[in-house]
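Computed from a predicted structure; not experimentally measured.
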Amino acid sequence: MFLCGRSGAGAVMATPAAAGLPRLAPARGRRRRCTVAAAMGAPGLEKGEEKTATVRSKAGDALEVCRVVNGMWQVSGASWGRAAPAAAVDAMLAYADGGLATFDMADIYGPAEDLYGMFINKVRRERPPKMLEEVRGLTKWVPPPVKMTRSFVEENINRSRKRMDVAALDMLQFHWWDYANPGYLDALKHITDLKEEGKIKTVALTNFDTERLQIILENGIPIVSNQVQHSIVDMRPQKKMAELCELTGVKLITYGTVMGGLLSEKFLDTNINIPFAGPPLNTPSLQKYKRMIDAWGGWSLFQALLQTLKKVSLKHGVPISTVAVRYILNQTSVAGSMVGVRLGLSEHIRDTNAILSLLLDKEDMGSITEASQRGRNLMEVIGDCGDEYRA
């Protein structure tokens, strides 16, 4: 079973000057390019009418991003297959030409940042200046939990800037492994200083839980978003996290939304528990999200969910994966959802753009919600957002 306990609870205290943030009660349990401004919270964001969203901090930092983000985890390992760099860069250009111009990566995703640097230079050379203004590169910094000195933080941020060939990172999403070590606040204060110096445009988080997000905000860190795992199976972000986001204006960017491809026709009417009876789970993402299914309720229950999604997908003439992402985009405080890209190996630009125009009605949303709620509450099984990384 995919079970991870909570750790470090209460290890870091909020500062007395709590910045006026509310405390949460304990919880139970013509094609538009994707950088045109959209007002967060507008009704269109839940109706499939807006292609972009703006994430912003209380300090006024803001970034326009496509509501469907190209996720580049898949370039980090050979398990997904690996194309030549030139082919991968050409594929990135095709996504941008197709109106999908926001890319998500990390310092630990193999050559991802280097590929982005090659891509952005090709945009500079071969595309009109307008496209350069529309492209967004969101990266992450995933350091070991060592002492966070100014020089150490700046050295790592400068490395990403150099690899991505940009003067300022559009968004720096910070991850921290060990809440018992309060160094994450030191790192974020240095990151904020670098933002003020023009090396970072917006500061964000990845895989932080609700308690630590509130502490970070109370310490005056100008957070615009938190990237978290969120799918029809994993609805944990809609528990405590979405409530705090509604109160503070922080937005969610989600990953794992199609569960590595498990939320697709490929796995409908299959039994992977019988050897060779179903498609192989031959990538790290498929293996990871299969464990989530096991924790949620198992393969039989997952098949019932896929059947529900298939009915909705047939109604709208789109794939199951398109419905799965649209459902999450309709959730509270979700600004954007990640769809992984296998650059130079396969492409799904048409299906991805279909997400942005899909309208799910109340009946669709209700049937999917009912199927999702048949499984276990993963807040009770795993814990809050990101707790799966902190056993």
Side-chain angles (χ1 to χ4, degrees), residues 12 14-15 17-19 21 35 40 53-65 69 102-109 113 116 136-143 145 148-164 166-177 179 181-228 237 241 244-245 247-255 333-336 338 385-386:
V12 181
T15 60
L21 293 178
T35 48
M40 291 307 300
T54 299
V55 295
R56 65 178 75 250
S57 71
K58 293 288 187 181
D61 310 314
L63 189 71
E64 298 159 351
V65 297
V69 178
T102 300
F103 296 85
D104 178 89
M105 65 213 83
D107 62 330
I108 60 170
Y109 289 2
E113 291 183 335
Y116 184 86
R136 298 288 182 264
L138 320 180
T139 195
K140 307 180 193 77
W141 182 36
V142 187
M148 293 288 117
T149 63
R150 161 70 189 230
S151 60
F152 181 75
V153 174
E154 186 170 17
E155 177 185 350
N156 281 274
I157 300 312
N158 284 342
R159 183 180 297 114
S160 288
R161 291 170 59 222
K162 182 177 180 180
R163 293 179 70 189
M164 296 172 68
V166 293
L169 302 176
D170 289 327
M171 179 185 288
L172 191 282
Q173 301 166 106
F174 178 70
H175 174 91
W176 190 250
W177 293 107
Y179 292 146
N181 180 340
Y184 66 88
L185 287 174
D186 296 325
L188 284 165
K189 288 173 182 175
H190 294 314
I191 288 169
T192 301
D193 289 341
L194 292 169
K195 178 190 72 70
E196 295 299 320
E197 294 171 16
K199 294 184 176 182
I200 300 168
K201 295 179 183 177
T202 55
V203 179
L205 304 172
T206 182
N207 290 315
F208 272 80
D209 67 6
T210 310
E211 180 182 349
R212 254 54 59 159
L213 172 58
Q214 178 145 0
I215 290 170
I216 289 165
L217 293 171
E218 289 173 346
N219 276 270
I221 307 299
I223 299 300
V224 299
S225 65
N226 186 20
Q227 187 176 136
V228 293
M241 181 64 69
L244 179 60
C245 287
L247 291 169
T248 62
V250 173
K251 298 300 176 183
L252 300 176
I253 296 176
T254 74
Y255 66 89
S333 292
V334 174
M338 208 85 62
C385 300

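- The OG1 atom of Thr248 sits 10.5 Å away from the CD atom of Glu218 when rounded to the nearest 0.5 Å.
- A salt bridge between Glu154 and Lys199 is present, with a side-chain N of the basic residue lying under 4.0 Å from a carboxylate O of the acidic one.
- Minimum heavy-atom separation, Gly137 to Met105: CA-CE, 4.0 Å.
- Closest heavy-atom contact between Ala167 and Arg161: O-NE, 2.8 Å.
- With rounding to the nearest 0.5 Å, the separation of CG in Asp107 from CD in Gln173 is 11.5 Å.
- Separating the CG atom in Leu247 from the CD atom in Gln214 is a distance of 8.5 Å, to the nearest 0.5 Å.
- For the atom pair NZ (Lys195) and CD1 (Ile157), the distance works out to 13.5 Å, reported to the nearest 0.5 Å.
- The distance from the CD1 atom of Ile108 to the NZ atom of Lys140 is 8.0 Å, given to the nearest 0.5 Å.
- Two residues are said to be in side-chain contact when any heavy atoms from C-beta on lie closer than 4.5 Å; Ile223 and Phe208 fail this criterion.
- Just one of Thr210, Val250, Asn226 meets the side-chain contact (heavy atoms from CB on, under 4.5 Å) condition when paired with Leu244; it is Thr210.
- Contact of the Pro237 side chain with the Thr254 side chain is not registered, since no non-hydrogen atoms from C-beta on lie closer than 4.5 Å.
- Counting only distance, with no hydrogens or angles, the side chain of Tyr116 and the backbone of Thr139 share no donor-acceptor pair below 3.5 Å.
- Counting only heavy atoms from C-beta outward, the side chains of Arg136 and Glu64 approach each other to under 4.5 Å.
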Chi angles and distances behind the side chain to side chain contact (heavy atoms under 4.5 Å, CB included) call for Ile191, Ile200:
CA-CA 8 Å; Ile191 288 169; Ile200 300 168; 3.8 Å; yes
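- With a 4.5 Å cut-off on side-chain heavy atoms, Pro222 and Thr192 count as touching.
- Atom CZ in Phe103 sits 12.0 Å away from atom CG in Asp170 (nearest 0.5 Å).
- Residues Asn156 and Pro143 fail the side-chain proximity criterion, which asks for heavy atoms closer than 4.5 Å.
- The two residues Thr54 and Ala62 have their closest heavy-atom pair at CG2-CB, 3.9 Å.
- With a 4.5 Å cut-off on side-chain heavy atoms, Leu138 and Ile253 count as touching.
- The minimum heavy-atom distance linking Asp61 with Val224 is given by the pair O-CG1, 3.9 Å.
- Taking every heavy atom of both residues into account, Ala168 and Gly198 meet most closely at CB-O, 3.2 Å.
- Under the 3.5 Å distance criterion, the side-chain polar atoms of Asp186 are left unmatched by any main-chain donor or acceptor of Pro182.
- Side-chain N or O atoms of Asp104 include none that pairs as donor or acceptor with a backbone N or O of Val69 at under 3.5 Å.
- If you run side chain to side chain donor-acceptor pair (under 3.5 Å) between Asn207 and each of Trp176, Tyr255, Trp177, only Tyr255 comes through.
- Ile216 is listed as a side-chain neighbour of Leu185, based on a closest heavy-atom distance under 4.5 Å.
- Taking the ring centre of Tyr184 as origin, the terminal cationic atom of Arg212 falls outside the region bounded by 6.0 Å and 45° from the ring axis.
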List the steps and the verdict of side chain to side chain contact (heavy atoms under 4.5 Å, CB included) for Ile221 and Leu205.
CA-CA 11 Å; Ile221 307 299; Leu205 304 172; over 6 Å; no
